[in-house]
Colleague: 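Below you will find the structure I want to go over with you.
Each chain gets a letter, A, B and so on, in the order the sequences are listed, and its residues count up from 1.
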Amino acid sequence: MSMTRAKILLGMTALLLISACQTNPDNNYSAFRNADPKSILIVPAVNKSLEVTAADYYLATIGIPIAERGFYTFPVHIVKRVLEDDGLSDADLVHNAETAQLAKLFGADAVLYVTIEKWESRYAIFATTTEIEIGYVLREGSTGEELWRHTETLAYTPNAGDNAGIAGLIFKAIAAAAERAEPNYIPLARSANALAVSRPHQGIPAGPYLDAYGKDKADF
Amino acid sequence: VLALLLASCAPPTLYDWGNYSQSMYNFYRDDNQAEQYIAALHAVITTNETAGKRVPPGIYAEYGYMMMSSGQTAEAVAFFEKEKRFWPESELFMNTMIKNVVSGGKLPAPPVKTAPVDGAPPAGNVRTGV
């Protein structure tokens, strides 16, 4: 059966999306409020998953949600290239460099470090689950002080419905095979980022380009 | 379907990003997609400028960088200047990039490995239902 046909069938099925996040107590935002960052430098992500391409692909998803929180975000692609040109092609090296030096190089108020903990798709004949786990740490640009820390986990399993008998099994197998062939990493990463940064008491307070800037102290 | 589902519960956005994220992803998957990435950046710029809306942060700069990469130095400088004008937070970085274009040189290398940074979040967060 062709992928196109499989996709059409998948499109007709319901979807199951499971989100989970840290159940830690609310973040303490006093350091964030004191620092009051206006611009955020997002450096390339450290990849701890087995998918070698995860960090590069992930980079395409993280600039927008930070900018949409009202911050100036340094262009992620140039940042990556400039760091590579300077011998920091390995994200581990970037993450181990001193925050103040990185921030100074770009003129950034704060630096966001992302670690991909999990980026995997587990195939089973009747249910493939794609799962990502992303860790975020935001540090103040001159002192390196931690301003925000969060972990977001998101999993997706195509749900091919509850049709009984052979037809139901076929639907499930097709959905599982389609997800295996082309796991939904990017939509998952986009959702994880959006949830991570905007969830009250867990995310990042509004930046200067949002109307809520300075007025969201009840939520953060 | 997933993207649609997720988009439907997203709050209204500050900026119109067009096809920026998807085209960057495609470009990272396949170097031959550079032209499409440049076209997507250009479309974000013209769509917003035509509508009298602010071009999202970093887009002028990303476009300028792609111009720089293909040897169009005058274009590159013009777009780095635009980024700086509309987003003053980028001034220092854009000045460095402009110098870079003019001199054909590289940025000064940041010192590496001075203070180990604990970049990883704590393990063992609770993940219900996964």
Colleague: Taking only residues at least two apart or on different chains, which pairs with a member in residues 31-47 of chain B satisfy side chain to side chain donor-acceptor pair (under 3.5 Å)?
Modeller: B:Asp30-B:Asn32
Colleague: If you draw a 6.0 Å radius around CZ in A:Arg180, do more than 12 non-hydrogen atoms from other residues or ligands fall strictly inside?
Modeller: no
Colleague: Side chain, backbone, both or neither: which part of A:Tyr209 has an atom under 4.5 Å from a heavy atom of chain B?
Modeller: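 A:Tyr209 touches chain B through backbone and side-chain heavy atoms alike.
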Colleague: Is B:Arg29 close to chain A through its backbone or its side chain, or both, or neither, when contacts mean heavy atoms under 4.5 Å?
Modeller: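 Looking at B:Arg29, backbone and side chain both touch chain A.
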Colleague: Side chain from CB out, backbone as N, CA, C, O: work out which of these in A:Ile186 comes under 4.5 Å of a heavy atom of chain B, or both, or neither.
Modeller: side chain
Colleague: Side chain from CB out, backbone as N, CA, C, O: work out which of these in B:Phe27 comes under 4.5 Å of a heavy atom of chain A, or both, or neither.
Modeller: side chain
Colleague: Please report the C-alpha distance between A:Glu84 and A:Lys80 in whole Å, then the side-chain angles of each, then the deciding distance to 0.1 Å, and finally whether the salt bridge (Lys or Arg N to Asp or Glu O under 4.0 Å) criterion is met.
Modeller: CA-CA 6 Å; A:Glu84 284 171 359; A:Lys80 174 181 156 67; 3.0 Å; yes
Colleague: Please classify the contact between A:Leu59 and chain B as side chain, backbone, both or neither, with a heavy-atom cut-off of under 4.5 Å.
Modeller: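 Both parts, backbone and side chain.
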Colleague: Please find the pair of heavy atoms, one from B:Leu92 and one from A:Lys104, that lie closest to each other, and give the distance.
Modeller: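 Smallest interatomic distance, heavy atoms only, reads CD2-O, 3.6 Å.
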Colleague: For B:Glu91, is it the side chain, the backbone, both, or neither that has a heavy atom closer than 4.5 Å to a heavy atom of chain A?
Modeller: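 Looking at B:Glu91, nothing touches chain A.
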Colleague: With only heavy atoms counted, which part of A:Tyr57 is less than 4.5 Å from chain B, the side chain, the backbone, both or neither?
Modeller: both
Colleague: In terms of heavy-atom proximity below 4.5 Å to chain B, should A:Ala67 be classed as side chain, backbone, both, or neither?
Modeller: both
